Engineer: 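Can you keep this structure in mind? I'll have questions shortly.
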Protein chains: 2
Amino acid sequence: MTKARKTIMDILMKSEEPVSASTLAKDLPFDQATVYRNLHYLEDQGFAESFILHCSEHGTERYYSYRNANDVHHHWFHCEMCHRFIDLGHCAYGQQLKEWEQSYGFTIHEHTFFLTGVCADCKS
Amino acid sequence: MTKARKTIMDILMKSEEPVSASTLAKDLPFDQATVYRNLHYLEDQGFAESFILHCSEHGTERYYSYRNANDVHHHWFHCEMCHRFIDLGHCAYGQQLKEWEQSYGFTIHEHTFFLTGVCADCKS
DNA sequence: ACAAAATTTGCAAATGACTTGCAAAATACA
DNA sequence: TGTATTTTGCAAGTCATTTGCAAATTTTGT
Ligand SMILES: [Mn+2]
Ligand SMILES: [Mn+2]
Ligand SMILES: [Zn+2]
Ligand SMILES: [Zn+2]
């Protein structure tokens with residue numbers, strides 16, 4: 001495994017919340033193309049997952065988080081003031097998704113869910 | 001109300017599914033800046049709502065739909081093959097969102113939810 | 001209907017996240 | 001170690017969306 005890939009993988013593993021691709025690209029000492037290509041690679045291999053979120057201050061960016069092989073993914077709340085994410089816990093939509101698949105006949109590949117607003121700290 | 005604004009508003013009102021901003025900008029006989037500015041205006045005024053969705057064929061685009069003053073919004077399934085949207089019906093997360101607000105102390109401004117996959121027609 | 005004030009439009013250039021071609025550098029494999 | 005495969009940096013490109021500005025349109029007050 002290359003240095004760039006290991007660095008990115010480590011960051012994702014250690015991070016408590018999703019990290020944006022463009023921020024990684026700016027902060028890391030690798031070319032942006034290398035960062036983006038590695039994020040794609042990690043997601044392809046199932047080591048990471050991502051979603052696109054728009055915030056007025058940082059614009060539209062893709063956020064990545066580490067994906068544990070056996071672990072279920074999480075959904076998040078994003079604070080529009082401090083830009084931190086709050087973990088909403090494991091995804092609890094499995095059953096609902098199956099029901100929709102049955103009643104509509106489609107096959108779901110992905111579902112996107114997140115909240116935006118102002119966190120408790122920023123309100124006070 | 002200007003011609004451009006009325007045209008865009010009409011399209012949103014008549015459309016059965018969300019329409020992408022960039023498609024509107026390409027297809028309508030107004031400048032793209034005018035289209036984008038009017039979409040922002042309509043959303044600001046509460047006549048439209050939008051979400052960002054990425055599909056491999058069309059890339060990352062913002063999709064708009066008309067928002068009826070009294071009506072609750074809908075969530076959607078997007079088919080990655082035919083690129084149509086399937087209406088999943090009224091949003092049923094009101095209660096859940098309130099519970100999260102209480103247990104986490106944050107205030108939710110928006111929630112984003114949608115599905116992607118392959119529709120029944122495209123599977124056969 | 002008329003003129004001034006306020007808003008909107010078209011144009012052209014800019015923005016910013018992300019992608020891509022290519023040759024050099026690093027890594028994996030025998 | 002030598003060779004095949006993968007990855008990297010660089011530079012340029014793509015594409016949705018935004019922005020400044022002067023001209024055109026719409027709104028307001030009379
Ligand atoms: Mn943010
Ligand atoms: Mn699509
Ligand atoms: Zn906050
Ligand atoms: Zn389909």
Side-chain angles (χ1 to χ4, degrees), chain A residues 1-12 15 17-65 78 80 83 85 110 112 114 116, chain B residues 1-12 15 17-65 78 80 83 85 110 112 114 116:
Chain A
M1 182 175 290
T2 72
K3 193 176 168 186
R5 184 164 297 167
K6 180 164 186 5
T7 303
I8 292 168
M9 180 107 165
D10 281 351
I11 290 175
L12 294 185
S15 180
E17 48 187 283
V19 293
S20 95
S22 58
T23 300
L24 280 178
K26 277 182 199 110
D27 294 350
L28 293 180
F30 308 107
D31 190 82
Q32 50 172 327
T34 300
V35 174
Y36 283 106
R37 282 191 280 232
N38 273 305
L39 287 170
H40 288 158
Y41 173 87
L42 291 173
E43 188 160 32
D44 276 354
Q45 303 297 310
F47 294 120
E49 63 186 341
S50 70
F51 59 90
I52 296 171
L53 180 151
H54 175 93
C55 99
S56 54
E57 198 166 326
H58 298 110
T60 304
E61 300 174 83
R62 188 175 283 271
Y63 292 80
Y64 287 83
S65 38
H78 180 70
E80 294 160 343
H83 306 286
F85 284 90
E110 283 187 18
T112 299
F114 58 80
T116 57
Chain B
M1 183 176 289
T2 72
K3 193 177 167 186
R5 185 165 297 168
K6 180 165 185 4
T7 303
I8 292 168
M9 181 109 165
D10 281 352
I11 290 175
L12 294 185
S15 180
E17 49 186 282
V19 293
S20 95
S22 58
T23 302
L24 279 177
K26 277 183 199 110
D27 295 348
L28 292 180
F30 308 107
D31 190 82
Q32 49 174 330
T34 300
V35 174
Y36 283 105
R37 282 191 279 231
N38 273 305
L39 287 170
H40 287 159
Y41 172 87
L42 292 173
E43 187 161 33
D44 275 354
Q45 303 298 309
F47 295 121
E49 62 185 341
S50 71
F51 58 91
I52 297 170
L53 180 150
H54 175 94
C55 98
S56 55
E57 198 166 326
H58 298 110
T60 303
E61 298 174 87
R62 189 175 281 272
Y63 291 80
Y64 286 82
S65 37
H78 180 71
E80 293 161 344
H83 306 286
F85 284 89
E110 284 187 18
T112 299
F114 59 80
T116 58

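The shown structure was predicted, so the numbers you read here are calculated from the model rather than taken from an experiment. Each chain gets a letter, A, B and so on, in the order its sequence line appears, and its residues count up from 1.
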Engineer: Rounded to the Å, how far apart are Lys6(B) NZ and dT8(C) C1'?
Structural biologist: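 After rounding, the gap between these two atoms is 17 Å.
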
Engineer: In this structure, how many angstroms lie between the P atom of dA16(D) and the OH atom of Tyr64(B), rounded?
Structural biologist: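 Answer to the nearest Å: 14 Å.
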
Engineer: Shorter than 3.5 Å, N or O on both sides, protein versus nucleotides 3-10 of chain D: list them out with atom names.
Structural biologist:
unit_1	atom_1	unit_2	atom_2	d
dT7(D)	OP1	Arg5(A)	NH1	2.6
dT7(D)	OP1	Arg5(A)	NH2	3.0
dT8(D)	OP1	Thr2(A)	OG1	2.8
dT8(D)	OP1	Asn38(A)	ND2	3.2
dT8(D)	OP2	Asn38(A)	ND2	3.1
dG9(D)	OP2	Asp31(A)	N	3.0
dG9(D)	OP2	Thr34(A)	OG1	2.5
dG9(D)	N7	Arg37(A)	NH2	3.2
dG9(D)	O6	Arg37(A)	NH2	2.9

Engineer: To the nearest Å, how far apart are His58(B) NE2 and dT17(D) C1'?
Structural biologist: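 Atom NE2 in His58(B) sits about 18 Å away from atom C1' in dT17(D).
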
Engineer: Tell me whether the rings of Tyr63(A) and His78(A) are parallel (<30°), tilted (30 to 60°) or perpendicular (>60°).
Structural biologist: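 Plane angle between 30° and 60°, so tilted.
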
Engineer: Thr116(B) vs Glu110(A), test: side-chain hydrogen bond (donor to acceptor under 3.5 Å, both in side chains). Steps then yes/no.
Structural biologist: CA-CA 5 Å; Thr116(B) 58; Glu110(A) 283 187 18; 4.6 Å; no

Engineer: Rounded to the nearest Å, what distance is computed from the CG atom of residue Leu28(B) to the C1' atom of nucleotide dT8(C)?
Structural biologist: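 In whole Å, dT8(C) C1' and Leu28(B) CG are 16 Å from each other.
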
Engineer: Considering non-hydrogen atoms only, spot the tightest contact between Phe85(A) and Glu17(A) and give its length.
Structural biologist: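 Scanning both residues, the minimum pair turns out to be N-OE1, 2.8 Å.
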
Engineer: Can you see which heavy atom on Pro18(A) is nearest to which on Ser65(A), and at what distance?
Structural biologist: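 In terms of heavy atoms, the two residues are closest at CA-CB, 4.3 Å.
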
Engineer: OP1 or OP2 of dC15(D) versus the side-chain N and O atoms of Lys26(B): is any pair under 4.0 Å?
Structural biologist: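 For dC15(D), neither OP1 nor OP2 has a side-chain N or O of Lys26(B) closer than 4.0 Å.
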
Engineer: Rounding to a whole Å, what distance do you find between Glu61(A):CD and dA16(D):P?
Structural biologist: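 Nearest whole value for this atom pair: 19 Å.
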
Engineer: Would you kindly give the NE2-to-C1' distance between His54(B) and dT19(C), to the nearest whole Å?
Structural biologist: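 One finds 11 Å between C1' of dT19(C) and NE2 of His54(B), rounded.
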
Engineer: Tell me: CD1 of Ile52(A) to P of dA16(D), nearest whole Å?
Structural biologist: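 Result: 13 Å.
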
Engineer: Distance check needed: dA16(D) P versus Leu24(B) CG, whole Å only.
Structural biologist: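 Leu24(B) atom CG is separated from dA16(D) atom P by 13 Å.
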
Engineer: Do Arg5(A) and Tyr41(A) form a cation-pi contact, if we require the NZ or CZ to be under 6.0 Å from the six-membered ring centre and within 45 degrees of the ring's axis?
Structural biologist: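 Checked: cation-pi criterion met.
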
Engineer: Heavy atoms under 4.0 Å, any strand shown: does Ala25(A) hit a base, just sugar-phosphate, or nothing?
Structural biologist: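 No contact at all - Ala25(A) keeps every heavy atom at 4.0 Å or more from the nucleic acid.
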
Engineer: Please identify which of these residues, Thr2(B), Leu39(B), Thr34(B), meets the side chain to side chain contact (heavy atoms under 4.5 Å, CB included) condition with Ile8(B).
Structural biologist: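 Filter result, single survivor: Leu39(B).
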
Engineer: Looking at side-chain heavy atoms only, is the closest gap between Tyr64(A) and Glu43(A) below 4.5 Å?
Structural biologist: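 With C-beta onward as the side chain, the pair touches.
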
Engineer: Within less than 4.0 Å of OP1 or OP2 of dT19(C), is there a side-chain N or O belonging to His40(A)?
Structural biologist: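 For His40(A), the contact criterion (side-chain N or O under 4.0 Å from OP1 or OP2 of dT19(C)) is met.
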
Engineer: Tell me whether the OP1 or OP2 atom of dT19(C) has a side-chain N or O from Tyr36(A) closer than 4.0 Å.
Structural biologist: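 False: Tyr36(A) side-chain N/O out of range (4.0 Å or more) of dT19(C) OP1/OP2.
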
